[in-house]
Visitor: 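Can you keep this structure in mind? I'll have questions shortly.
Just so it is clear, the values below take in all heavy atoms, side chains as well, and ignore hydrogens, waters and symmetry mates.
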Amino acid sequence: MSGQTLFDRLWRSHEIFRRDDGASLLWVDRHLVHEGSHHAFGKLGMRGLKVANPDLTIAVSDHYVPTRERASGGTNDDIRRMIATLETNAKTHGIRHFGLNDPRQGIVHVTGPEQGLTLPGLMVVCGDSHTSTHGAFGAFAFGIGATEVAHVLATQTLWQTRPKTMRLTFNGVLADGVTAKDMALHWIAKLGSDGARGHAIEYAGSAVRALSMEARMTLCNLSIEGGAKCGMIAPDETTFAYLKSRPFAPSGPQWDEAVDDWQALQSDADAAFDREIEIDASDVAPTVTWGIVPEQAAAISDTVPANAPQDALEYMGLKAGQSLNGLPIDQVFIGSCTNARIEDLRAAAAVMAGHRAKVPGTVSPGSMIVKRLAEAEGLDRIFVDAGLDWVASGCSMCVAMNGDVVAPGKRCASTTNRNFRGRQGPGARTHLMSPAMVAAAAVTGELTDARPFLKDRPLAGAA
Amino acid sequence: MAGWRNHTGLAVALPMEGIDTDQLIPARFMSTPRAEGYGRFLLHDLRIDREGKPRADHPLNRHPEASILLAGRNFGGGSSREAAVYALVDFGIKAVIAPSFGDIFAGNAVNNGLLSARISDADHAKLSNALDSGVGTLTIDLETCQITLGDLTRPFALDPVWRTKLIEGWDDIVLTAKHAHAIAAFTQKDRATRPWAYLNTEFSPPNQNPTGA
Ligand code: SF4
C-alpha cells in the first residue's frame, strides 16, 4: 500500500461520518463569513436556527467596505445596509467580528492568517472562492456557496465528496523578478481555467519551498482560477515562523505540541497522487493576462496568440499577434487578497520609488495592519509621490462591489485574481499581473517587463 | 425543496465557453434580497445593453421560456456566489448541460434543485448540431442520466451523491441533525487530539489590540 498524501491526512482528521454513497460529513475548524453571507444568515433566521459554534465562526467586513471616507459607513444605502447587516448578525449570534472600524479589519483571506486564525491542519471554509489562500499553511481550505454557509453555521460541519489529488511540482529556481503570481498564471495558462477541476492540489518542489509565506498565499489563492477544489503547501519552518506569536495562534506549551503535530502534515515519499504535473521554475517569466479568463495569459515578451478567441479580443480591444509589451493602459490597481500583503507592497514600491506614475491608480492594502506597517516603512509616500491614491483596506476593485470601479472600456493593470468580463466594473478591461509588474506599468503607462526597474534596487522597506 | 426525476423543456444553446459566475450575475446586483427575484439579473450584461434595453439577438431574450441551457466548457467557473444559481433558477432554468462546470457552482446548483449535466465534447457537438437554430425540446432523465433530443439519446455524468440529492430533494441541515451523536463524539475526541485547533483566545475589543502580530 502506498503512503498518505497531505490531503489524505487532512481529510481523515476531519471526517466524522461517511455515508454509503461516498459523501462524508466533515468537521469545520474555522468558518469565515463576510457581508456577502447575508443570504445564509437569512436562511438560518427563517428556520429559527442558532449558530452552532459561534467561537469557531469569524466575521470580517471586506467585500462592501468603503476604501475612502470610512465614516460614511458605505458608498450608498444598499451598501451601508450590507455592512450593517453583518454587524447585526455577528452581534446577534455572538460571533467575533473584524468590522469596518476595527484596526485589524482587512480582506478576510489576509486577516485570517495575519491574526493566526489560520493554522496548519485546519479545515477552513468561507463563502468566497479564494478561501484556497489558507491552504498555504497546510490547511484544507475552500470556498462554499450560501446553502453550505447556512449548513456550516447551523452545524459546524459540511457534506463533501472527496476530490482527487494532484501534485504540482515546481522544480529548480525562479529567475530574479519572477513571483508566485507568475507561477500561478503560468500553470493556469498551461492547464486551463478548468485544468485542475475536481482536484485538491499540493504545490511542491524546490521553487515552492523557497517561497515566503506571503508568496505561498498568492500561489494557493489562485488555485481556484485553475478550477481546483483547493491548493495547499505542506507546513515547514517558514510556516511556523510566520505563525509564532500571532494573536490567535496557540501559545506556551500548546505551541510546541501544535508544531509537533504540524510537522507530520506532509505527503509520504511513496504517496500516490491521481495526477502529477511538473514544471521547470526557470521556464516561468513575468506573466500577464491578455484575455477574459485567467488561462488567457502569456509572458510579457509574448504576443496575443494567433488563435485567441474572437470574443476575448473584442472585449479586450486587442488584435491577435499584437505584442503585450508596450500595450498602453489607463490605470492601475494594487490590492486584493491575492497580492496586497506587505511584501507585495514592498515589491511594487521598489519599482516605483523615485518615479511618477503616467496613469492614475489606487493602492488598497490587504488589511489595516498591512496599511500601518507600510506607512511605518514609508511605502505610502512612494505611492503618493508617484501620484497614486493610498486608501483603506477592502476588496475594492477586485470585485467592484463597494463603489470602486474601472470605467467602461478602460484598461487596468491589476494585481487581482480575475480578468472576467465586467469583474472590475461593466466594460472594464483587466490585465492581471504581479505587483512589481503593475508598478512598472504605472510608471511607463504601458505593459512592460518590471525587471529592468528592479536592477540594483533594494526592496523598499525591506530590512 | 421538491425533488425531480425527469424534465422536458425548451433547450437553448449558448455557444460560449467559460460563462463565469460574474457573467451569470454581475456583483453589483448581489445586495438584492432574494425575495425580489434574481431572474432579471441572469447574464445581465450580455443580455441587456448599456441603455437597459434587452438585446434582441440574445438567445434567452428570444426564448425566455427556456428551461435548459446547452453551454460551452467551464460553465460557472469563478466565484462561490450562489446568486449565480439563484439567477438561473429564478429565470426558470432547470438544467445546464456543458462539457465542464466550476466545482463550487455545481455544488451550489444541486442545493437549489438545478442540474449541472456534464457531457463529452463529442456529445456537446452532437447536441449542438441537433438543436435546430439553437433551440429544441429536450428531455432529461435523472434516473438513467440520459438526455434525449428527438431520436438522439446521449448520457451525461453527474456525481451519484448529487443525483440522489436532486431526486430526493434532500435538505442537508435536516439530514445532518440525524448525526448529532456522531458529531458530539467526534468533537470530544478531537478536542483531546488537536487541542490547538480550538480557539481559546479571548476576542479583545478592537481598541485593545491594534497591532495584530
Ligand atoms: S479581494 Fe476579491 S477575491 Fe479576495 S476576498 Fe475580496 S472579492 Fe474575494
Visitor: Less than 4.5 Å apart, any side-chain heavy atom of A/F17 and any of B/H181?
Guide: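 The answer is no; the side chains never approach within 4.5 Å.
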Visitor: Run the numbers on A/R19 and B/L175 for side chain to side chain contact (heavy atoms under 4.5 Å, CB included), then give the verdict.
Guide: CA-CA 11 Å; A/R19 258 184 354 223; B/L175 282 187; 3.8 Å; yes
Visitor: Rounded to the nearest 0.5 Å, what separation is found between the CG atom of A/D55 and the OH atom of B/Y198?
Guide: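 Answer for the CG-OH pair, A/D55 versus B/Y198, is 9.5 Å.
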Visitor: Are the side chains of A/R47 and B/I173 in touch, meaning some heavy atoms are under 4.5 Å apart?
Guide: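 With C-beta onward as the side chain, the pair touches.
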Visitor: With a 4.5 Å cut-off on heavy-atom pairs, point out which of A/M401, A/M82, A/R197 contacts chain B the most.
Guide: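 Of the options given, most contacts go to A/R197.
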Visitor: Assess, by modelled atom type and distance only, whether the side chains of B/T176 and A/W159 contain a donor and an acceptor separated by less than 3.5 Å.
Guide: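 Side-chain D/A pair, B/T176 to A/W159: present.
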Visitor: Looking at side-chain heavy atoms only, is the closest gap between A/V405 and B/R28 below 4.5 Å?
Guide: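 No; the side chains remain at least 4.5 Å from each other.
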Visitor: Looking at B/R194 and A/G121, would you say the former's side chain and the latter's main chain have a donor-acceptor pair under 3.5 Å?
Guide: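 The answer is yes, because a donor-acceptor pair under 3.5 Å joins these two groups.
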Visitor: Is A/F142 close to chain B through its backbone or its side chain, or both, or neither, when contacts mean heavy atoms under 4.5 Å?
Guide: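 Contact with chain B involves no heavy atom of A/F142 at all.
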Visitor: Assign the ring pair A/H39 / B/Y38 to parallel, tilted or perpendicular, where the plane angle (0 to 90°) is split at 30° and 60°.
Guide: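 Ring orientation of A/H39 relative to B/Y38: perpendicular.
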Visitor: State, with a plain yes or no, whether a side-chain heavy atom of A/L25 is found less than 4.5 Å away from one of B/I183.
Guide: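 With C-beta onward as the side chain, the pair touches.
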Visitor: Please report the interatomic distance CD1(A/I16) to NE2(B/H179), rounded to the nearest 0.5 Å.
Guide: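 Rounded to the nearest 0.5 Å, the CD1-NE2 separation comes out at 9.5 Å.
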Visitor: Identify which part of A/P120 has an atom lying under 4.5 Å from any heavy atom of chain B, answering side chain, backbone, both or neither.
Guide: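 Backbone of A/P120 only, per the 4.5 Å heavy-atom cut-off to chain B.
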Visitor: Shorter than 4.5 Å, heavy atoms on both sides: which option in A/E15, A/R30, A/Q160 has the most such pairs with chain B?
Guide: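 The candidate making the most pairs under 4.5 Å is A/R30.
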Visitor: Could you tell me which non-hydrogen atom of A/G145 sits nearest to which non-hydrogen atom of B/E82, and how far apart they are?
Guide: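 Shortest heavy-atom contact: C-OE1, 3.3 Å.
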Visitor: Do B/R81 side-chain atoms and A/A146 backbone N/O form a donor-acceptor pair below 3.5 Å?
Guide: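 A pair under 3.5 Å: no.
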Visitor: Please check this pair: side chain of A/E257 against backbone of B/W196, looking for a donor-acceptor N/O pair closer than 3.5 Å.
Guide: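 Not confirmed, A/E257 side chain does not pair with B/W196 backbone.
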Visitor: Side chain, backbone, both or neither: which part of A/T157 has a heavy atom under 4.5 Å from chain B?
Guide: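 Answer is side chain: those atoms of A/T157 sit under 4.5 Å from chain B.
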Visitor: Measuring heavy-atom distances to chain A, does B/T32 have an atom under 4.5 Å in its side chain, in its backbone, in both, or in neither?
Guide: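 Only the backbone of B/T32 comes within 4.5 Å of chain A.
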Visitor: Just do the side chain to side chain contact (heavy atoms under 4.5 Å, CB included) check on B/L199 and A/R96 with the steps written out, would you?
Guide: CA-CA 11 Å; B/L199 282 170; A/R96 295 181 176 89; 3.5 Å; yes
Visitor: Any chance you could measure B/D172, atom CG, to A/L158, atom CG, to the nearest 0.5 Å?
Guide: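 Here the rounded value is 8.5 Å.
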Visitor: When you look at B/S80 and A/E148, which way does the side chain to side chain contact (heavy atoms under 4.5 Å, CB included) test go after all the steps?
Guide: CA-CA 10 Å; B/S80 61; A/E148 293 172 313; over 6 Å; no
Visitor: Answer yes or no: is there a donor N or O on one side and an acceptor on the other, between the side chain of B/S31 and the main chain of A/I79, under 3.5 Å?
Guide: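 It does not hold such a pair.
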Visitor: Roughly how far apart are A/H38 NE2 and B/M30 CE, rounded to 0.5 Å?
Guide: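 Separation between the atoms: 7.0 Å.
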Visitor: Identify the residue among B/D22, B/D20, B/D45 that makes a salt bridge (Lys or Arg N to Asp or Glu O under 4.0 Å) with A/R423.
Guide: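 When salt bridge (Lys or Arg N to Asp or Glu O under 4.0 Å) is applied between A/R423 and each of B/D22, B/D20, B/D45, only B/D22 qualifies.
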Visitor: Under 4.5 Å, heavy atom to heavy atom: which of residues 98-120 of chain B reach chain A? Give them by number, or say none.
Guide: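 Residues in range: B/S100, B/F101, B/D103, B/I104, B/N108, B/N111, B/N112, B/R118.
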Visitor: Pick one of side chain, backbone, both or neither for A/R421, based on which atoms fall under 4.5 Å of a heavy atom in chain B.
Guide: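 Both backbone and side chain.
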Visitor: For the interface with chain B, which of A/L49, A/T111, A/V149, A/D21 has the highest count of heavy-atom pairs at distances below 4.5 Å?
Guide: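 Maximum pair count with chain B is reached by A/D21.
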